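Inspection log for the structure reproduced underneath, given as structure tokens.
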Amino acid sequence: MKGVEARLSAPLAAMALLTVGVLVAVLFMMAARVDRDALRHEQALVARGMDSKIADIQRAVSPQVLWDDAVIKLDNRFDAGWAEENIGAYLMGQVGFDMIFVIDGQDRPLFSARVGKPTTAAYYERRAPSFAPLIRKVRALEVRRPRITGPRVDGGLVATPAQASAVESIDGEVYIVTASLVQPDFGKALPRQARAPVVVTALRLDAVFLEAFSSRFLLAGIHLHKGDARPDADDAHVPLRNHAGQVVATLDWAPPHPGQRLLRKAVVPILLVVGGLAVVALLFARRSRRIAEGLVASEARAKHMAMHDALTGLPNRVLFEERLRQGVDGLSRRRGAMAVLAIDLDRFKAVNDTHGHAAGDELIQVIGARLAGLCRASETLARLGGDEFGVVAAEIDPQGAAALAERLVAALAAPVDLSCGTVFVGGSVGVAVITPDEAFVGAVEAARRADVAMYRAKDQGRGRYCFFEAEMDAALKARRGLEADLRKALRDGGVWVAYQPQVDAAGKVLGVEALARWTHPEKGAISPGAFVPLAEDCGLIDELGRLIMRRAFTDSLRWKDLKVAVNVSALQMRQAGFPDLVAQILAETGARAEKIELEITEGALLGDDEATHDAINRLREMGFSLALDDFGTGYSSLSYLRRYPIDKIKIDRSFITPLGGDKEAGAVVAAIVRLAKALKLSVIAEGVETNQQREQLHEIGCVQAQGFLFSAPLAADAIDTIVDEGGRMHLAAVA
């Protein structure tokens with residue numbers, strides 16, 4: 001019996017020892033690689049941070065020099081008091097510059113200021129060689145800029161910032177020096193001389209600067225190594241170069257060693273786990289209890305099913321919340337921080353709607369496996385439901401959390417090969433880092449913070465990650481407040497309807513487009529670009545659509561010779577019973593369907609299913625005419641024109657705006673007009689703002705148009721006035 005046990009235990013013991021050796025060797029190699037990767041990432045991050053700091057300085061100076069008042073007070077008629085208040089005192093107070101100089105067109109000092117001490121022209125002259133290269137760069141930009149002769153016709157800015165920055169060594173200290181050209185913003189004042197004044201600012205990289213920079217990027221032991229001598233080999237460093245590319249200093253700090261920390265923390269647990277596995281294996285070999293093994297396996301399967309997602313095999317929400325609670329509760333026993341990441345796919349619904357639920361399930365499986373391959377054993381990746389995933393990283397610092405988030409975003413952005421073809425989804429990631437000092441927040445709050453950060457990432461354009469910041473709560477509360485105000489406005493009449501005229505070649509008003517407007521009692525006019533997406537997100541788009549439709553149908557009775565266009569959202573079109581709702585509003589208002597034009601976007605036709613066809617056919621049977629809005633910006637415009645009974649197409653403003661200066665844009669619009677005529681469809685251009693655009697549209701053959709060239713959206717009473725005056729826009733507006 002003992003011989004049998006020896007024959008069973010010896011191979012197991014040898015395998016355990018070999019496994020331990022291999023794991024330790026791999027761990028040492030991984031630790032060294034992790035340290036190298038972390039160092040490279042942090043050096044790149046700090047270099048970008050220094051570039052960002054220089055860009056921030058330029059943005060801070062720009063409003064003070066790109067200003068009509070600055071041209072008047074610094075060029076036309078130098079005002080020392082104005083310069084002291086608006087250049088010296090303001091910029092030193094706002095940005096913390098150490099030196100500020102105003103140089104005239106002959107590069108002579110007009111104004112000098114420095115922190116804490118008086119200064120003179122001679123003070124500038126002694127340091128002028130350090131500023132001269134940047135001033136020359138700005139002068140070169142000045143020569144190349146378009147000549148400014150006065151205000152622009154459209155009221156926009158007449159100039160863009162002309163600035164140059166570099167890190168320079170002055171009097172043995174290191175400064176960020178910026179030279180900025182004084183220019184008008186709206187052209188109400190113009191420089192009198194061929195060369196305008198230049199404002200030179202210098203910000204010293206002192207202890208205060210280094211402390212703020214260190215706090216922002218979580219750098220330990222940061223210090224400035226002046227000169228081009230070789231820095232300490234044990235430090236991480238980023239070279240700071242002057243205008244000529246010469247190293248004037250290096251920014252040094254103690255680099256992170258996540259690999260070594262991982263090594264110290266992982267060796268003992270791995271040894272314990274391997275040793276425990278060896279003991280358990282030996283016991284199983286000796287005792288050979290098949291029935292017990294069967295029971296254990298059955299129990300493990302049941303527990304796994306209860307704690308894991310059936311589709312992906314990943315931990316489910318229950319296990320995720322348990323690991324999150326364990327991580328937060330364990331913060332008091334650890335010195336390091338932890339992180340929780342919320343992940344949401346960006347275009348999952350489009351795949352589901354287009355290719356079906358089977359494709360959606362396959363996509364979730366592929367994405368789950370891809371994300372799991374990026375997470376370490378100490379990190380719990382879970383599927384929380386639908387297209388939502390979460391990660392609990394119990395021992396990770398902010399840099400590590402950022403690196404993990406970057407990997408996740410990159411993996412989500414990669415194409416996904418499915419049975420139905422290749423799709424692109426992308427994803428947004430929110431990161432909440434919880435330190436030991438914040439252990440009191442609890443697991444629920446930690447997960448909420450990650451969700452808030454994830455929604456901020458979506459709001460900022462999707463396909464990115466975002467760390468939670470306290471300001472996000474304020475922004476979320478503001479959004480919720482705006483949502484509550486919108487609900488109240490829909491209930492109390494704060495949302496109203498404006499109408500933009502649609503005219504023919506002679507300027508005669510043929511119809512109007514109904515547009516939603518919201519006048520907030522405290523914030524004034526709220527842009528439709530802000531509250532319409534908000535209504536879609538919070539489920540108010542149906543109520544908003546009904547309100548606009550009812551008002552537009554009612555107002556259509558006021559103008560017997562005008563056609564009223566009403567926008568219909570994709571969400572409205574997809575609702576069951578939408579045609580019944582339209583018929584009900586038509587009956588309540590007494591409007592005539594023949595006087596109403598429903599504008600639908602290509603997104604409303606995306607499904608191309610039987611329900612969409614039925615809804616559109618029923619609307620046509622009621623007598624409504626249909627226009628395809630934003631033509632050319634969707635998915636399959638040409639096929640929609642053949643499959644659906646469309647009466648008119650609206651050329652999107654993105655094609656109209658380049659007219660007059662872009663031959664290709666004119667060719668595209670001409671092709672759209674020819675296509676419409678070939679299909680016997682009406683065509684109208686939206687967003688017409690210049691006579692040049694109008695004239696080119698007439699040459700192309702598009703005689704119907706709307707836009708600010710003719711009229712801004714007007715209240716219904718103003719449309720009454722136009723109708724009473726003959727239904728024609730003033731000739732001056734369309735000449």
Side-chain angles (χ1 to χ4, degrees), residues 53-121 123-125 127-128 131-132 134-166 175-203 524-525:
K53 180 62 179 177
I54 292 175
D56 290 343
I57 291 174
Q58 291 185 344
R59 284 193 292 269
V61 175
S62 179
Q64 299 303 109
V65 299
L66 188 62
W67 189 11
D68 289 341
D69 286 2
V71 173
I72 296 171
K73 300 298 185 180
L74 299 181
D75 179 88
N76 298 170
R77 184 182 64 259
F78 180 71
D79 187 332
W82 189 94
E84 171 64 31
E85 179 180 353
N86 292 276
I87 300 297
Y90 179 82
L91 289 179
M92 283 185 176
Q94 291 294 316
V95 184
F97 290 119
D98 296 273
M99 293 184 288
I100 298 178
F101 306 97
V102 179
I103 312 304
D104 66 10
Q106 284 71 44
D107 294 342
R108 297 173 302 192
L110 290 172
F111 170 79
S112 303
R114 59 174 174 158
V115 173
K117 297 180 181 179
T119 185
T120 63
Y123 182 83
Y124 169 79
E125 295 296 346
R127 292 153 183 83
F131 306 141
L134 296 180
I135 295 176
R136 285 196 296 270
K137 288 185 178 181
V138 171
R139 292 299 183 197
L141 295 174
E142 182 180 21
V143 171
R144 292 196 298 269
R145 72 176 181 179
R147 184 165 175 247
I148 302 172
T149 59
R152 283 174 49 172
V153 176
D154 59 4
L157 297 178
V158 299
T160 56
Q163 297 173 296
S165 299
Y175 291 82
I176 296 176
V177 179
T178 298
S180 306
L181 184 67
V182 175
Q183 302 180 91
D185 49 1
F186 292 102
K188 296 179 180 178
L190 300 176
R192 291 183 177 177
Q193 306 299 327
R195 301 207 310 178
V198 174
V199 174
V200 179
T201 61
L203 177 66

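Here the structure is a predicted model, which is why all the values come from computation and not from measurement. Keep in mind that the numbers below use all heavy atoms, side chains included, and drop hydrogens, waters and symmetry copies.
- Under the 4.5 Å side-chain criterion, counting only non-hydrogen atoms from C-beta, Asp69 is not in contact with Asn86.
- Residues forming a ring pair (Phe, Tyr, Trp, His ring centres under 6.0 Å) with Phe101 (at least two apart in sequence, or on another chain): Tyr124, Phe131.
- Take Asp185 and apply the side-chain contact (heavy atoms from CB on, under 4.5 Å) test, not counting sequence neighbours, and it matches Leu66, Trp67, Asp68, Leu157.
- Between Asp75 and Pro191 the shortest heavy-atom distance is OD2-CA, 3.2 Å.
- Here the side chains of Val199 and Phe111 are not in contact, with every heavy-atom distance at 4.5 Å or above.
- The line from CD of Gln163 to CD1 of Ile57 is 10.5 Å long, rounded to the nearest 0.5 Å.
- If you run side chain to side chain contact (heavy atoms under 4.5 Å, CB included) between Val61 and each of Pro161, Ser165, Ser180, only Ser180 comes through.
- Residues Leu203 and Thr201 have side chains not in contact (no heavy-atom distance under 4.5 Å, counting atoms from C-beta outward).
- Side chains of Leu181 and Leu141 form no contact here, defined as non-hydrogen atoms less than 4.5 Å apart.
- Under the ring pair (Phe, Tyr, Trp, His ring centres under 6.0 Å) criterion, Phe97 pairs with no residue at all, not counting sequence neighbours.
- For the side-chain contact (heavy atoms from CB on, under 4.5 Å) test, residues two or more places apart in sequence or in another chain that qualify with Ala166 are Leu134, Glu168, His243.
- Note: Arg114 CZ to Arg127 CZ = 6.5 Å, rounded to the nearest 0.5 Å.
- Around atom CD of Glu84, more than 12 heavy atoms belonging to other residues, nucleotides or ligands sit under 6.0 Å away.
- You'll find the side chain of Gln183 stays beyond 4.5 Å of the side chain of Val65, heavy atoms only.
- Taking all atoms of both residues into account, the shortest heavy-atom contact from Ala189 to Pro184 is O-CB, 3.1 Å.
- Taking the salt bridge (Lys or Arg N to Asp or Glu O under 4.0 Å) definition, one finds that Arg139 meets it with Asp107, Glu142, sequence neighbours left out.
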Item to check | Full working for side-chain contact (heavy atoms from CB on, under 4.5 Å) between Leu74 and Leu110 | outcome: CA-CA 8 Å; Leu74 299 181; Leu110 290 172; 5.6 Å; no
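- Residues Leu190 and Ile148 form a side-chain contact, since some pair of their non-hydrogen atoms from C-beta on lies under 4.5 Å apart.
- In this structure, the side chain to side chain donor-acceptor pair (under 3.5 Å) partners of Arg108, at least two apart in sequence or on a different chain, are Asp104, Gln106.
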Item to check | Chi angles and distances behind the side-chain contact (heavy atoms from CB on, under 4.5 Å) call for Trp82, Ile87 | outcome: CA-CA 8 Å; Trp82 189 94; Ile87 300 297; 4.1 Å; yes
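- Minimum interatomic distance between Pro151 and Val158 (heavy atoms only, all atoms of both residues): CA-CG1, 4.0 Å.
- A salt bridge is defined here as a Lys NZ or Arg NE, NH1 or NH2 lying under 4.0 Å from an Asp or Glu carboxylate O, and Asp56 with Arg59 meets this definition.
- Closest heavy-atom contact between Glu125 and Pro109: OE2-CD, 3.3 Å.
- Residues Leu91 and Gln64 form a side-chain contact, since some pair of their non-hydrogen atoms from C-beta on lies under 4.5 Å apart.
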